Amino acid sequence: LQLVQSGGGWVQVGGSLTLSCGPSGGNLTDQPIGWFRVVPGKGREGISCISLVDGSTIIGDPVKGRATISRDTVSNTEYLHMNNLVPEDTATYYCAPRRCPWVLLWADLNSWGQGAQVTVSS
């Protein structure tokens, strides 16, 4: 499943963002989508993934309380919403069609969306 992302750009400190992720072909029905980011100098950080155990959405510690995931079945699109952004949220954000754990989510480079650069500053 090839994923196409949109959104990102510059966000003011304290602001919010919405990133989208959808298939270039096919359907997201029953397809788990996870999000992670690559932070300069720090590497990969998990944003959200779907639990293999019970199907719940796991939110990563760096964004807990500030990130929510939604899916629009009509537009066949998954969304990552984040608020109260801080400079440490500056990263390239990716979606991938994988479940938790984090290492599984980002294991297959070929499965990632193309990425969305987010820069947070005042």
Side-chain angles (χ1 to χ4, degrees):
L1 181 67
Q2 294 297 312
L3 298 175
V4 178
Q5 297 180 230
S6 64
W10 178 81
V11 181
Q12 193 167 19
V13 172
S16 61
L17 67 80
T18 296
L19 304 179
S20 65
C21 173
S24 62
N27 201 297
L28 286 183
T29 303
D30 298 327
Q31 176 66 56
I33 298 293
W35 294 85
F36 65 96
R37 66 189 183 187
V38 179
V39 181
K42 292 186 64 177
R44 299 164 187 171
E45 294 184 341
I47 301 297
S48 73
C49 64
I50 304 301
S51 170
L52 186 62
V53 176
D54 60 8
S56 62
T57 299
I58 308 297
I59 301 295
D61 288 342
V63 298
K64 194 162 291 184
R66 301 187 295 122
T68 57
I69 306 299
S70 65
R71 178 173 292 194
D72 185 336
T73 56
V74 174
S75 65
N76 201 28
T77 304
E78 186 100 345
Y79 296 96
L80 166 64
H81 312 276
M82 287 182 56
N83 54 38
N84 294 325
L85 269 67
V86 295
E88 290 74 22
D89 293 318
T90 295
T92 303
Y93 287 71
Y94 295 92
C95 60
R98 299 288 187 274
R99 295 180 180 271
C100 309
W102 302 122
V103 292
L104 178 63
L105 174 63
W106 55 59
D108 183 2
L109 176 66
N110 293 323
S111 73
W112 303 1
Q114 83 275 21
Q117 176 65 43
V118 174
T119 301
V120 183
S121 65
S122 56

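As the structure is a computational prediction, the values presented were derived from the model and not from experiment.
By the rule that hydrophobic residues join a cluster once side-chain heavy atoms approach within less than 4.5 Å of another member, Ile69 and Tyr79 end up as members of separate clusters. When hydrophobic clusters are built by joining Ile, Leu, Val, Met, Phe, Trp and Tyr residues whose side-chain heavy atoms come closer than 4.5 Å, directly or via intermediates, Ile59 is not grouped with Val39.
With rounding to the nearest 0.5 Å, the separation of CG in Asn84 from CZ in Arg66 is 7.0 Å. Note that CD of Gln117 is 11.5 Å distant from CD of Gln5, once rounded to the nearest 0.5 Å. Taking OG from Ser24 and CG from Leu1, the interatomic distance works out to 7.0 Å, rounded to the nearest 0.5 Å.
In terms of the side chain to side chain contact (heavy atoms under 4.5 Å, CB included) criterion, residue partners of Glu88 (sequence neighbours excluded) are, by chain and number, Val86. Every residue meeting the salt bridge (Lys or Arg N to Asp or Glu O under 4.0 Å) condition with Asp108, not counting sequence neighbours, appears here in chain and number order: Arg98. Judged as a side chain to side chain donor-acceptor pair (under 3.5 Å), and not counting sequence neighbours, the contacts of Arg71 are Glu78. Shown here are the side chain to side chain contact (heavy atoms under 4.5 Å, CB included) partners of Ile50, two or more places apart in sequence or in another chain: Pro32, Thr57, Arg99. Here Asp61 pairs with Lys64 under the salt bridge (Lys or Arg N to Asp or Glu O under 4.0 Å) rule; sequence neighbours left out.
Applying the under-4.5 Å side-chain rule to Ile, Leu, Val, Met, Phe, Trp and Tyr, the cluster around Leu109 extends to Phe36, Val38, Ile58, Tyr94, Trp102, Val103, Leu105, Trp106, Trp112.
In this structure, Ala67 and Leu80 approach most closely via the heavy-atom pair CB-CD1, 4.2 Å. Ser51 approaches Cys100 most closely through the heavy-atom pair N-SG, 3.7 Å. Shown here for Gly7 and Ala116, the closest heavy-atom pair between the two residues is O-CB, 3.7 Å. The nearest pair of heavy atoms linking Gly8 to Leu19 is N-CD2, 3.1 Å.
Judged purely by atom type and a 3.5 angstrom limit, Thr77 uses its side chain to pair as donor or acceptor with the backbone of Ser75. Listed for the Thr90 side chain is a donor-acceptor partner under 3.5 Å among the backbone atoms of Val120.
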Step by step, work out the side-chain contact (heavy atoms from CB on, under 4.5 Å) result for Asn83 and His81.
-> CA-CA 7 Å; Asn83 54 38; His81 312 276; over 6 Å; no
Yes or no on side-chain contact (heavy atoms from CB on, under 4.5 Å) for Leu104 and Leu52, after CA distance, side-chain angles and deciding distance?
-> CA-CA 11 Å; Leu104 178 63; Leu52 186 62; over 6 Å; no
Test side-chain contact (heavy atoms from CB on, under 4.5 Å) on Val63 and Glu45 and set out the steps.
-> CA-CA 10 Å; Val63 298; Glu45 294 184 341; over 6 Å; no
Check against side-chain contact (heavy atoms from CB on, under 4.5 Å), Leu3 and Leu28 | CA-CA 10 Å; Leu3 298 175; Leu28 286 183; 4.2 Å; yes
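Residues Val118 and Leu85 meet the side-chain proximity criterion, which asks for heavy atoms closer than 4.5 Å. No side-chain heavy atom of Gln31 sits under 4.5 Å from any side-chain heavy atom of Pro23.
Within a 6.0 Å sphere centred on CG of Asp30, other residues, nucleotides and ligands contribute 12 heavy atoms or fewer.
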